[in-house]
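In what follows, a single structure is set out as C-alpha cells and then discussed.
Heavy atoms only: backbone and side chains are in, while hydrogens, waters and symmetry mates are out. Please read these numbers as outputs of a predicted model, since none were measured by experiment. Sequence lines set the chain letters: A, B, ... in the order given, protein chains first and strands last, and positions in each chain run from 1.
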Amino acid sequence: MAYDFKLIEKKWQAKWNEEKAFQVTEDKNKQKYYVLIEFPYPSGQGLHVGHPRPYVAMDIVSRKKRMEGFNVLFPMGWDAFGLPTENYAIKNKLHPKPVTKDNIVKFKRQLQAFGLSLDWSREVDTTDPEYYKWTQWIFLQLFKNNLAYKKEMAVNWCTSCKCVLANEEVVDNGCERCGSEVVRREKSQWMLKITAYAQKLLDGMENLDFIDRVKTQTANWLGRSVGAEVDFAIKDSENKLRVFTTRPDTLFGATYMVIAPEHPIINNLKDKIENYSEIEAYRNAALKKSDFERSELSNIADKEKTGVEISGIKAVNPVNNQEIPVFVSDYVLISYGTGAIMAVPGHDERDYAFAKTFGLPIIEVVKGGDITEAAFTDTETGILVNSGFLDGLEVDEAKKKITEFLEDKKIGEEKINYKLRDWVFSRQRYWGEPIPIIICDDCGFVALDESELPLLLPDVESYEPTDTGESPLSKITDWVKCKCPKCGKDAERETDTMPQWAGSSWYFLRYCDPDNKDFLASKEKLDYWMPVDWYNGGMEHTTLHLLYSRFWALFLHDIGVMSCPEPYLKRTSHGMILAEDGGKMSKSRPESIVNPDDVIAEYGADTFRLYEMFIGDFEKSTPWATSGMKGCRRFAERVYGLIDIAKGGGVTPELEVKFHRTIKKVTHDIDNLKMNTAIAGLMTLVNDIYDNNSLTIDELKIFLTLLCPFAPHISEELWFLAGGKGLLSLGNWVDYDENKTKENAVEIAVQINGRVRDKIIIEAGLSSQDAINTAKNSEKVKELLNGKTIVKEIAVQDKLVNIVVR
RNA sequence: GCCGGUGUGGCGGAAUUGGCAGACGCCCGGGACUUAAAAUCCCGUGAGGUUCAUCCCUCGUACCGGUUCGAUUCCGGUCACCGGCACCA
C-alpha cells in the first residue's frame, strides 16, 4: 500500500478535532504541565519555514508529556496589535481590524496544517476588547500603585514610523522594525517603573531553569553595581555635589570632578560661574550631537574626551579636604547614578584619558600597575597607597572601611545602581490599547473607572500618524472630550496607546481562563496552571518581552492576582532557520523565503516536522536545505512499510536490546531538546528492523509510540492499521528496562600506547584484569608486545584496554 | 573595548564523567532492477601512503603549547566568525 500522506494527515487532523483530543480542563487528579511558545504576530506575509521550528519542538514535548500522563496545557494565540498591520492598512486604505482578522485566518490555517496538539479552544487575541479590557485593567493597577507615571523626557523618535520607541527597540541607532533613523525628542510619555523591580528581576532568576545565555544577558541588561554615593562640598557655597562610585576605595585619588552637561547644579551656581556662556554653549552642543555621534565610533572608550572647566567653582574632597576643579563633560551621563562623578584618573580608563587631555594630576592610590602608562583598574591584586587610613588594605577591605567612614561622617552611604531604565510605555499610534486615563486641569491624571473598561479603540477617519507626534486619536474630539471622574468638570482623555509589548506581557495568564468575563483569569485556575513549566522563545526577546512579562507577573503576584511570583520555570531558546545560501530568510529577500505550505503540499506535514527537527541542533542557527527533506521522506516511507513486516506478538530477540536503547534515547533526548539525535536513533532502529527483516506487532506499537510526538499522523494511521485501541496521541508512553539496554557481548578497542591496534569481543561487564588478559591473548597484540616491557595497563569497562609499553 | 557563544568531512551535523572521531542524513561515485528513466535496494565515501587486493601504516576536530596511558572534551595563549552591550563611573 502506498503512503498517501495527504489522506492520512487530513483524516487524523479531523479526528483529533472531532474528539477534542487536546482540550484540557483543570483536572485535580492529574499533574499539570504548561508548555508555552511565543504567540506570533500575524503579519501579512504569513509564515516561513523558520517559524514552526519552536512550535514543532514544543509540540513534541507536549505530546510526550501528555503520553506520560500529564495534564498538558499547550495553547496558542495572536499578538495582533502593532505597527506593520497599521502601516499596511494605511498604505492600502483599509482599517487595521479586518486586516488583522484576515491575517489571523491565514496564520491559523498554516499552523493547523502542522498537526500541532494545541488546545484551540483557548485561543486569545490581544486586539479583542474582551482581552484588552484586562490589559487596560493591569495598567490601571500599575497606575494606582505608583508604577505608572507621565514624564517629560527625551525619547527615541522614529522618523519613519513617527512614533516613540522604547530603549530596547532602538538597534544601532535605528528603529528595530523599519531601520530608519531614530532621533531624540522631548515629549511627555507614560512610563512604567520597571526599575522598582530590578532587584526582584535579578534575584528571581536565580533558581529558575533558564539557559545560561538568557541569564547572563538579562543580568547584564539589569546592570547591577554596588558602590557608594559621596557628597563633595562646593567651596564657599551651601551646594553639594553628590556622586556615585563603585570604587569608593579610590577616594583619595580623586583629583577633579565631572558633571553631565544637563546637571541642575549648573543653574544653582549660575551666579558663581565665571564662564557661564562657555558652559552653556558646551551644553547645547552636547545635547545636539550626542546621538548620531555615538554611532559613528565603533569604540567609544577611545573616543576623544571633550569638556569645559567651570571657573569660579571648586569642590572639596571630603577625605583630604583638597580643593579640586569641576568640569562639564558629555562622557558623564545625566541618566545614570547622580549625573556627576569623582574622577580618579589613576584607576579609571575614561578619567585617565580625560586627565591626559586636560593635563590634570594623576595620583596612584592602588599599587600594582604603572600609572605613567595606563590606568590600573584591577581590583583583585591591588594594595592601597597614598590613602591615609586605607593604606595597606586590599581593595575589598578598603571599600568596606571607607563606606563605614562615609556613613559615620554622614557624607555618603552604600548605594546600588542599575543600568535598567524605566519602560517608555506610550505610543502615538492608532493600533494599540488606549491608555485608560483622563487628564483633568484640576485633578491631574485620573484613572478611568474600572466599570468603564474596556475603553474601546474608536473608529477614526484617518489613523495616519501626525508629524507633530500626536496620536491619531487626538483628532477625534468627541472621544477625547469627557468628564473628570473625580470632580466632574470637563476633561480630556489620554490619546496615547500602549506598545505592542503590553498585550504579550500577560497572555499566558489569559490562556488559563480565556472566557472569564469577570476577571483576567480566576485565581483558582491561575493557581492550577501557573507557573508555566517550559517556555521556549527567541533570544531577541530576552531583554524585552521576557523581562516585561516577568515584571508584570511579579507585580500581579504582589497585588494578589496569583500565587506564584515568577511566571516561567524553564526558558529555552531556538536557533534561527537561515536561507539555503546561509543568509537570513527575510521579506527583504523574497527569493530566500521558503513557504511551509509548499513544502507540506509536496512532502506532507510529518516529513516537514521530521526535517524541521532533524535539520540540526535546536539551539543553533542552521540553513534550510530542501534536498535534506528527501532523507526524512524516505524515512517516512520506510516507516510506512513496517506494517508489511510486522507479524505476531512478543519480542524479536535480535531487536530487544535495540528497542530498549531507542526508548531510552528518545525519552531523554526529548527532555533535552535533542530532537535531531532522537530522530537519528529512530532511523537507526528502522534500519536495524529492515536488516533483520522481522518485527512483531507489539514492537511496531512501541516504535509508533516513540515516533508519535515527531510524526503524529503516520503514527496514528499505522497504530490504527496495527489494531491499536483509541488515539495513539492519548495513549501511554513506553518504559525501558535499563538492564535490557545492555548487550551480552561488547566489542572493545585494544590500544597500545594510546593507539587502537585491535578490536576484540568480550563478555559485557568483564573485570579490568580479565579484559586485559583477554586483550593480551589476541594474536595481534602478542606480536606487538613481543620484546617490549609493559609499563602500565588501563582498562575501561566495556570500552577499551590500553597497554603502555616501552 | 567588555560579556556570552561557536569553530569537527563536499554539506547539515553526532560523540554521559577525558576512552575506538565522523552516528544519522544530504550530496557524490559504483552496482542491481528496468526497454529506458524515476523510485527502490545493495556497496563505497575524512586526507594521504602502501598493496593486484585484503591487510596495514601515517596524518586529521580553527591555530600554537601544556596536563594525561589517552584530549573534539580539561588548562594557558592566538586567530576567525556570530550574538548582546556600549563613555553606566
Taking only the P atom of each, what is the distance from B/U16 to B/U72 in whole angstrom?
14 Å
Sugar-phosphate only, base, or nothing, as touched by A/N687 at under 4.0 Å among non-hydrogen atoms:
sugar-phosphate
Rounding to a whole Å, what distance do you find between A/N753:CG and B/U68:P?
15 Å
Rounded distance in Å between the C1' positions of B/G22 and B/U45:
12 Å
Rounded to the nearest Å, what distance is computed from the CD atom of residue A/E262 to the P atom of nucleotide B/C87?
13 Å
When rounded to the nearest Å, what value does the distance between C1' atoms of B/G12 and B/C27 take?
11 Å
A/F635 atom CZ is separated from B/C26 atom P, nearest whole Å, by 12 Å
Taking for each residue the nucleotide of RNA chain B bearing the nearest heavy atom, is the 5' side occupied by A/E637 or by A/K792?
A/E637
Separation of atom OH in A/Y352 from atom P in B/G1, rounded to whole Å
18 Å
If I take atom CD in residue A/E580 and atom P in nucleotide B/C27, what distance separates them, rounded to the nearest angstrom?
12 Å
Provide the distance between the two C1' atoms, one in B/G18 and one in B/C74, to the nearest whole Å.
8 Å
Check the chi torsion on B/G9 and let me know: syn if it falls within 90° of 0, anti if not.
syn
Starting from P on B/G84, measure out to NZ on A/K419 and report it in whole angstrom.
16 Å
Using the side-chain contact (heavy atoms from CB on, under 4.5 Å) definition, which of the options A/I803, A/V801, A/I760 pairs with A/V781?
A/I803
Which heavy atom in A/S573 sits nearest to a heavy atom in A/N536, and how many Å separate them?
N-OD1, 3.4 Å
Let me know the distance between CD1 of A/I577 and P of B/C11, rounded to the nearest Å.
20 Å
My understanding is that a pair needs two contacts under 3.5 Å, Watson-Crick or G-U wobble. By that rule, which nucleotide pairs with B/U54?
none
Within the structure shown, what part of the strands sits under 4.0 Å from A/V332 by heavy-atom distance: base, sugar-phosphate, or nothing?
base
Take atom P in B/U73 and the same atom in B/U6, then report the distance between them in whole Å.
13 Å
Is the CD atom of A/E380 crowded by more than 12 outside heavy atoms at less than 6.0 Å?
no
Establish whether the base of B/C26 is bridged to the side chain of A/K630 by a donor-acceptor pair shorter than 3.5 Å.
no
Are A/F327 and A/F354, when compared by the centres of their aromatic rings, separated by less than 6.0 Å?
yes
With a 3.5 Å limit on both atom pairs, tell me what B/G83 is paired to, counting Watson-Crick and G-U wobble, or say none.
B/C3
Any-strand Watson-Crick or G-U partner of B/U16, both distances under 3.5 Å:
none
Touch class at under 4.0 angstrom, heavy-atom based, for A/S335 against every strand present
nothing
At under 4.0 Å between heavy atoms, how does the protein contact nucleotides 55-61 of chain B? Give one character per nucleotide, 5' to 3', with B, S or -.
-SSSS--
Using a distance-only test with no angle check, is there a side-chain donor-acceptor pair under 3.5 angstrom linking A/E38 and A/H545?
no
Flag this pair as yes if the NZ/CZ of A/K415 is under 6.0 angstrom from the six-membered ring centre of A/F244 and inside a 45 degree cone about the axis; otherwise no.
no
So which one's nearest nucleotide on RNA chain B is more toward 5', A/G628 or A/K759?
A/K759
Under 4.0 Å, counting only non-hydrogen atoms across every strand here, what does A/R638 touch: a base, just sugar-phosphate, or nothing?
sugar-phosphate
So, is A/Y336 near the phosphate of B/A89, with a side-chain N or O under 4.0 Å from OP1 or OP2?
yes
Protein-nucleotide distance (A/L547, atom CG; B/C85, atom C1'), rounded to Å
14 Å
I'd like the C1' distance from B/A62 over to B/C82, given in whole Å.
15 Å
Please give the distance between the C1' atoms of B/C42 and B/U78 as a whole number of Å.
48 Å
Out of A/T216, A/T218, A/L546, which one pairs with A/F210 under the side-chain contact (heavy atoms from CB on, under 4.5 Å) rule?
A/L546
Does the side chain of A/D351 pick up a donor-acceptor pair with the side chain of A/Y331 at under 3.5 Å?
yes
The residue among A/F710, A/W624, A/F635 that forms ring pair (Phe, Tyr, Trp, His ring centres under 6.0 Å) with A/Y611 is A/W624
Please determine whether a side-chain nitrogen or oxygen atom of A/R213 lies at a distance below 4.0 Å from atom OP1 or OP2 of B/G83.
no
Looking just at side-chain N and O atoms, do A/T607 and A/Y3 make a donor-acceptor pair shorter than 3.5 Å?
no
Spell out protein contact along nucleotides 12-19 of chain B as letters: B when the base is contacted, S when just the sugar-phosphate is, - when no protein heavy atom is under 4.0 Å; keep the 5' to 3' order.
BSS----B
Check A/R242 with A/E413, please: is the shortest side-chain N to carboxylate O separation under 4.0 Å?
yes
Any salt bridge between A/D581 and A/R589, counting N to O under 4.0 Å?
yes
Quantified in whole Å, what is the P atom distance between nucleotide B/U50 and nucleotide B/C64?
26 Å
Let's test this: given Watson-Crick or G-U wobble pairing with both distances under 3.5 Å, identify the partner of B/C28.
B/G44
